Colleague: 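I'd like to ask you about the structure that follows.
Note that the structure is a prediction, hence the values are computed from the model and not measured. Every chain is numbered from 1, with letters handed out A, B, ... down the list of sequences.
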2 protein chains.
Amino acid sequence: MRQGNSEGTELPAGRPDLAERFAYWQSQLFDPAHCPVRSVLDQVGDKWSMLILIALAAGPRRFSALARLLPDISKRMLTQTLRGLERDGFVEREVFATKPPSVEYRLSDLGSTLLDPLAQLVRWAERSHPAIRSAQTRFDAAGG
Amino acid sequence: MRQGNSEGTELPAGRPDLAERFAYWQSQLFDPAHCPVRSVLDQVGDKWSMLILIALAAGPRRFSALARLLPDISKRMLTQTLRGLERDGFVEREVFATKPPSVEYRLSDLGSTLLDPLAQLVRWAERSHPAIRSAQTRFDAAGG
DNA sequence: CAGCATCCGTGCGGATACTG
DNA sequence: CAGTATCCGCACGGATGCTG
């Protein structure tokens, strides 16, 4: 079926595989159980998840260490986001019964597998950043 | 510097390149001008941008066609998201002076370059979905 | 130290009605 | 057809204070 479209009015233009996936998600009414863009990206796409995962890419970190790494995060959001990442199985939480207690967070095996596609996206973002900025400038100047 | 850490307490565990980028962003206080996670991912990470980009991966679509492809999007959000994507230079908007007028949206060259890293992320999400679900079930069962 | 509880403002995004 | 305008609920997320 790949490369086997029979006629030219409909269009395998840019990324046929993504288009086929999209058609499937649509047939499932974008039910998060079948649409990864809805189920996964919504969670990881929040304000802090990606930055925390990247912060943990260098190795395990304690709660307060993470708080220092993210200068402008509140304890509330750090806790909440870590809980979400733990629930999804991306990070593991280990409590040390010291006094006062300390808690260490580390990437799980599953979480580590996210680093590769995430790094690709980050590299794309860095490469594209100049083009995006100039596009924004042009758009705003045109009175968009 | 790669692989050249001198001692064992600090740790190039998972993804050193991401960790190095993170240190740079941090030194810039995560200013969106230097941190792509903040500047780019925040925009594309909203509720509809990724789905619209994927919908356009199959080829140009008119406004109402897009609205049909995304069953539960409002005209308001479709317009607003398309404007954002156009402002960033990811999609191009062409108006045909028919009566009534029709407007076509297509991926720009820049927008097309996003499809590859995006497809990687989607494939990861699909692969990981079962593991995520079971992790969530375990977490919730444990009384998290 | 590592949270949890509470209060609260803002903005994202939905619903509806109107226009060129 | 392809929007714009307006209203509004609600969830995300920040600030502060308290606890084991």
Colleague: Check each residue of residues 44-53 of chain A for a non-hydrogen atom within less than 4.0 Å of any atom in DNA chain C, then write out the ones that pass by number, or none.
Modeller: none

Colleague: Which residues within residues 79-88 of chain B lie with some heavy atom under 4.0 Å of an atom in DNA chain D?
Modeller: Thr79(B), Arg83(B)

Colleague: Give me the bend of the helix from dC1(C)-dG20(D) to dG20(C)-dC1(D), using the axes of the five pairs at each end, rounded to 10°.
Modeller: 50°

Colleague: Expressed as a whole number of angstroms, how long is the span from Phe63(A):CZ to dC4(C):C1'?
Modeller: 10 Å

Colleague: What's the CZ-P distance between Arg62(A) and dG3(C), to the nearest Å?
Modeller: 10 Å

Colleague: Residues two or more places apart in sequence or in another chain: which of them pass side chain to side chain contact (heavy atoms under 4.5 Å, CB included) with Ser134(B)?
Modeller: Arg138(B)

Colleague: Residues in side chain to side chain contact (heavy atoms under 4.5 Å, CB included) with Ala125(A), at least two apart?
Modeller: Pro36(B), Val40(B), Leu41(B)

Colleague: Test side-chain contact (heavy atoms from CB on, under 4.5 Å) on Ile132(A) and Gln136(A); report intermediate values, then the result.
Modeller: CA-CA 6 Å; Ile132(A) 294 171; Gln136(A) 290 172 344; 3.6 Å; yes

Colleague: With heavy-atom distances below 4.5 Å as the criterion, would you say the side chains of Leu107(B) and Leu115(B) are in contact?
Modeller: yes

Colleague: If you take any heavy atom closer than 4.0 Å to DNA chain C, which residues from residues 96-106 of chain A end up in contact?
Modeller: Pro100(A), Pro101(A), Ser102(A), Val103(A), Tyr105(A)

Colleague: For Ser27(A), what residues pass the side chain to side chain contact (heavy atoms under 4.5 Å, CB included) criterion, not counting sequence neighbours?
Modeller: Tyr24(A)

Colleague: Between dA2(C) and Arg61(A), is there an OP1 or OP2 to side-chain N/O distance shorter than 4.0 Å?
Modeller: no

Colleague: Arg106(A): which residues meet the salt bridge (Lys or Arg N to Asp or Glu O under 4.0 Å) condition with it, sequence neighbours left out?
Modeller: Glu94(A), Glu104(A)

Colleague: Does Ala131(B) offer a backbone N or O that forms a donor-acceptor pair with the side chain of Ser128(B) under 3.5 Å?
Modeller: no

Colleague: List in chain and number order the residues that pass salt bridge (Lys or Arg N to Asp or Glu O under 4.0 Å) with Asp109(A), two or more places apart in sequence or in another chain; answer none if no residue qualifies.
Modeller: none

Colleague: In residues 70-78 of chain A, which residues come under 4.0 Å of DNA chain C by heavy atom?
Modeller: Lys75(A), Arg76(A)

Colleague: Heavy atoms, side chains only, cut-off 4.5 Å: are Ile52(A) and Tyr105(A) in contact?
Modeller: no

Colleague: Quick one: is dC1(C) close enough that its OP1 or OP2 comes under 4.0 Å of any side-chain N or O from Arg68(A)?
Modeller: no

Colleague: For Trp124(B), check ring pair (Phe, Tyr, Trp, His ring centres under 6.0 Å) against everything at least two apart and list the hits.
Modeller: Phe90(A)

Colleague: Please report the C-alpha distance between Arg93(B) and Arg83(B) in whole Å, then the side-chain angles of each, then the deciding distance to 0.1 Å, and finally whether the side-chain contact (heavy atoms from CB on, under 4.5 Å) criterion is met.
Modeller: CA-CA 9 Å; Arg93(B) 178 175 178 271; Arg83(B) 284 291 177 283; 3.7 Å; yes

Colleague: At their closest point, which heavy atom of Arg38(A) faces which heavy atom of Trp48(B), and how far apart are they?
Modeller: NH2-CZ3, 2.8 Å

Colleague: Using the test ring pair (Phe, Tyr, Trp, His ring centres under 6.0 Å), find all partners of Phe30(B) that sit at least two apart in sequence or belong to another chain.
Modeller: Phe22(B)

Colleague: Restricting to non-hydrogen atoms, name the atom on His129(B) and the atom on Ser39(A) that form the minimum distance, rounded to 0.1 Å.
Modeller: NE2-OG, 3.4 Å

Colleague: Look at the side-chain heavy atoms of Ile, Leu, Val, Met, Phe, Trp and Tyr, link any pair under 4.5 Å apart, and say whether Phe63(A) and Phe96(A) land in one connected group.
Modeller: no

